[in-house]
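The structure appears below as structure tokens.
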Amino acid sequence: MNYQPTIGLEVHAQLLSKSKLFCAASTRFGEEPNANVHPLCMAMPGTLPKLNAAVVDMAIRTGLALQCTINLESRWDRKHYFYPDLPSGFQVTQNELPICEHGTLSVSTTEGERPIRIRRIHMEEDAGKLMHDPQSAESLVDLNRAGIPLLEIVSAPDIHTAEEAAAYLRSLRDILVYIGVSDGNLEEGSFRSDANVSIAPKGSTTLGTRVEIKNINSFRFVQKAIEYEIARQVSVLENGGKLVQETRLWDAEKGETRSMRSKENAQDYRYFPEPNLPPLRIEASQVEALKKTLPELPKEKYRRYIESLGLPAYDAAVLTAERELAEYFEGCLTHYADAKKLSNWVMGELLRMSKEEEIAFSALRFSKEQFARLLQAVDAGKISLNAAKEVFAHMFRTGEEPERIIEAKGLAQVSDVGAIEAAIAAVLEAHASETEKYRAGKKQVFGFLVGQVMKAMKGKGNPALVNQLLRNRLDN
Ligand code: ADP
Ligand code: MG
């Protein structure tokens, strides 16, 4: 391809605040239409906004997690447009002076880590929702969402492939969820993204005309929509056409973008400072205090798991994908030091069963110590790996102590030398010809003889001991 694509992303993340940005109405999802409304978010005349301080804290924490400068003074502006889901006729946002600027987010791509610059993060209120009832042919307004606090996170045009754009969004979502400011739920619309896409001839120092794509509500669609749009722009230019700055809508069913409005009739939002809210002033000490509340971020955790715990990259990625899982793993690690063995169990049996039984890590019936004791029993040769899986399943369902389960189920391995030697003697006698073959140099027979001894011991012989004693007996 002779063109370099460029992508800039604008993300709207709904914040995990119990009440709205400027009034005390609830933000709960899935309520009856217009159940979560107060006079302010219905734009009743004479109502005054009162800033939700928790939202400001969340914005600052997000800025810090994304290595932004936190502006100790920022401002509120009105952005005007007319639509039935916006009764005041303007959205309160931060236009001129946002709360956070100049951050970066490092994104893993097939070519390694790449820093993507974050231009700005600002707070704003969401609009309501218009619902079209096909039966009555009426349009209904639901203001439950009106006034819900959002963060808009705007990247610089630093992204060059659709894959990188999806990786940026995943990484951003993970961070917001890790630091607890958003649930990052794409289906419920709490993490929405618009993509700006342009192409320019390879080597060009200026960017091409950009197209903004709206309505992309899954990571898979982001990638598809951008790929489609790049191909469309290339084909327009190759066919001697000209690109126009416009907003296009992603149609997931047709798998294409189509024009929604061109920049010619783009709205003039008539931004001006919100007269009912003073500039937002933050103390440097507040920023410092919030810095201390940030957890280790997913990327740092991932790196530490590889570098200090010696885990493979795959394990590190699985274990750090969710904060709860990572914290559970680390909790177990304080009782059981072999990180790789623990990781195998957590990624294998634990994840499988907690998914099957739909149990959260915080609601598990057994303690981390119990889990550790089970793994130690395997290490000490008290039970086989297979038996341990059976014990684990039982412990998972009942919360019983592993030692009791091992005893009740008769799963303890036989490590009694005398008992193993007796079984070996019987097997060698019953399989005299195989024994001779082994001694004549046919070493492959060994596995067969081990199998026979294990069978004679009903699978409970300690395999390491069985191997060792059988070899002693055959080689001497
Ligand atoms: P607006 O003021 O219209 O919102 P911005 O300059 O703030 O425009 O940019 C919005 C988004 O578009 C940002 O994420 C930015 O990185 C991206 N962007 C700007 N110009 C281009 C371009 N030529 N190609 C791709 N993305 C771009
Ligand atoms: Mg913008």
Side-chain angles (χ1 to χ4, degrees), residues 1 3-13 62-63 66 68 71 74-75 77-81 90-91 93-107 114-124 127 150-169 171-173 191-216 222-223 225-234 236-237 242-250 257 259-272:
M1 194 164 86
Y3 297 96
Q4 159 93 308
T6 293
I7 300 141
L9 296 167
E10 293 168 281
V11 165
H12 286 94
T62 306
L66 296 171
C68 289
N71 290 327
S74 62
R75 275 200 289 271
D77 300 285
R78 289 184 178 185
K79 173 182 179 176
H80 299 82
Y81 63 89
F90 60 83
Q91 178 191 25
T93 180
Q94 297 194 291
N95 184 46
E96 285 290 306
L97 235 186
I99 186 159
C100 312
E101 287 177 292
H102 316 304
T104 52
L105 174 58
S106 166
V107 170
R114 273 203 61 222
I116 308 294
R117 287 171 299 161
I118 308 260
R119 265 195 186 158
R120 54 182 285 152
I121 303 176
H122 66 257
M123 297 172 280
E124 62 184 28
L150 302 176
L151 277 191
E152 180 172 337
I153 303 164
V154 183
S155 88
D158 284 353
I159 300 168
H160 298 294
T161 67
E163 185 216 349
E164 228 170 65
Y168 168 92
L169 291 174
S171 188
L172 180 57
R173 204 260 314 249
F191 187 92
R192 317 194 281 265
S193 164
D194 300 336
N196 296 272
V197 180
S198 67
I199 59 169
K202 276 243 162 84
S204 156
T205 50
T206 53
L207 296 177
T209 302
R210 84 179 139 113
V211 164
E212 184 179 16
I213 315 170
K214 290 200 175 288
N215 199 29
I216 15 190
V222 165
Q223 199 158 335
I226 294 173
E227 273 160 10
Y228 175 90
E229 183 56 26
I230 292 170
R232 188 192 69 84
Q233 293 186 11
V234 169
V236 168
L237 293 188
K242 265 193 87 171
L243 290 164
V244 286
Q245 189 171 335
E246 61 179 348
T247 300
R248 296 177 73 89
L249 216 59
W250 168 246
T257 62
S259 188
M260 189 168 108
R261 58 171 186 256
S262 68
K263 204 71 182 178
E264 274 79 47
N265 45 43
Q267 294 110 325
D268 172 6
Y269 293 122
R270 283 200 305 121
Y271 281 106
F272 66 72

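Start at 1 and go down the list; that is how both ligands and their atoms are numbered.
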Under 4.0 Å from one or more heavy atoms of Val154, ligand 1 contributes atoms 13 (C), 14 (O)
In terms of heavy-atom contacts, does NZ of Lys202 have more than 12 from other residues, nucleotides or ligands at under 6.0 Å? yes
Which atoms from ligand 1 have a heavy atom of Ala156 less than 4.0 Å away? 16 (O)
Can you name the ring pair (Phe, Tyr, Trp, His ring centres under 6.0 Å) partners of Tyr228, sequence neighbours left out? none
Nearest candidate to atom 25 (C) of ligand 1, where distance is taken over non-hydrogen atoms, out of Val211, Thr247, Thr6: Thr6
Closest to atom 5 (P) of ligand 1 among Arg119, Arg120, Arg117, Glu152 (heavy-atom distance): Arg119
Option set Gln245, Glu10, Arg210, His160, criterion heavy-atom distance to atom 8 (O) of ligand 1, minimum: Arg210
Can you list the ligand 1 atoms lying under 4.0 Å from a non-hydrogen atom of Gly208? 23 (N)
According to the interplanar angle, ranging from 0 to 90°, do the rings of His80 and Phe272 count as parallel (below 30°), tilted (30 to 60°) or perpendicular (above 60°)? tilted
Are any of the side-chain heavy atoms of Glu163 and Gln223 separated by less than 4.5 Å? yes
Heavy atom to atom 12 (O) of ligand 1, shortest distance: which of Thr209, Val197, Asn196 holds it? Asn196
Residues, nucleotides or ligands: over 12 heavy atoms within 6.0 Å of Arg232 CZ: yes
So the atoms of ligand 1 within less than 4.0 Å of a heavy atom of Leu207 turn out to be 22 (C), 23 (N)
Could you tell me whether the side chain of Leu172 reaches within less than 4.5 Å of the side chain of Leu66, counting heavy atoms only? yes
